[in-house]
Amino acid sequence: MLKDELYLPDIIFNSISEVTPEFLREHGIKGVLCDTDNTLALDNRKDIIPEAAEWVKLMKQEGIKVCVMSNAFLVRNWPVIKALDIEFYQTRSHKPRQWYYEPLTKKMGLKHGEVAFLGDQMKTDIVGANKADILSMYVMPYAFETNPFYKNIFKKRRAVERKIFKLYNELHGTRFDFPEHIKAEMYEEDIKECVY
């Protein structure tokens, strides 16, 4: 697999609410491993993204298992896990390394091919899912990262992601790009080149 292909998600969603039970069932998915920051909760905060709260509730009603799989420490993830009443979780999971995908799949009582990963970062979430050979689902970040220590790192990461959008768009005939409130936080030189 080429490096760019490792970053390339199987599918991109504009918001978590677009990840429907019907879509998951069509792909044989019975459980979703989820990133925390900017996927289920606001970056570096315990506040749950409203659409994510509704989405987790819907998944439970439809019998689809949800698992938090985050690189952050438990102290960061626990308020989110508790607020969403999520039974399965793995913190300090060292994505994109593949150590925890299979154990978490077994912990949920599922088989390989019955889980997918949903996250907002290609470098960790999508690369990790692709390495583990599970369905990789990218969701647009809810907001730009707020942690000042990581802000410049994410400006660069998001610029790389725009290049992956371009490749994805060429392959699928789509027009994905970051929403304006995300691009507003990026370096000017990173948003000049059109991704289409």
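We're numbering straight along the sequence, starting at 1. Predicted, not measured: the structure shown is a model, and the values here were computed from it.
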Side-chain contact, heavy-atom cut-off 4.5 Å: [X] with [Y]?
| X | Y | answer |
| --- | --- | --- |
| F176 | E161 | no |
| F117 | L135 | no |
| C67 | M108 | yes |
| Y142 | D120 | no |
| D37 | R76 | yes |
| V32 | W55 | yes |
| L33 | I134 | yes |
| V66 | K60 | no |

Got a donor-acceptor contact below 3.5 angstrom from the [X] side chain to the [Y] backbone?
| X | Y | result |
| --- | --- | --- |
| N130 | L6 | yes |
| T36 | S70 | no |
| N77 | A72 | yes |
| N71 | H94 | yes |
| H27 | E22 | no |
| E114 | K111 | yes |

Can [X] and [Y] be counted as an ion pair, charged N to O under 4.0 angstrom?
| X | Y | value |
| --- | --- | --- |
| D35 | K95 | yes |
| E180 | K183 | yes |
| E62 | R25 | yes |

If you count the non-hydrogen atoms of other residues, nucleotides and ligands that lie under 6.0 Å from CZ in R92, is the total more than 12?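 Yes, the 6.0 Å shell around CZ holds more than 12 heavy atoms from other groups.
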
So that I know where these two stand, are F23 and F13 an aromatic pair - ring centroids less than 6.0 Å apart? yes

Nearest 0.5 Å, what's the [atom1]-[atom2] distance between [X] and [Y]?
| X | Y | atom1 | atom2 | result |
| --- | --- | --- | --- | --- |
| T39 | I49 | OG1 | CD1 | 6.5 Å |
| L58 | E51 | CG | CD | 13.5 Å |
| D177 | F165 | CG | CZ | 6.5 Å |
| E18 | M140 | CD | CE | 9.5 Å |

With clusters defined by side-chain heavy atoms of hydrophobic residues (ILVMFWY) lying less than 4.5 Å apart, directly or transitively, does I64 cluster with L110? no

Give the cluster check for M137 versus F178: same hydrophobic cluster or not, with ILVMFWY residues linked at side-chain heavy-atom distances below 4.5 Å.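 Yes, same cluster.
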
When you compare the side chains of Q121 and Y138, does any donor N or O come within less than 3.5 Å of an acceptor on the partner?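 The criterion, which ignores hydrogens and geometry beyond distance, is not satisfied for Y138 and Q121.
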
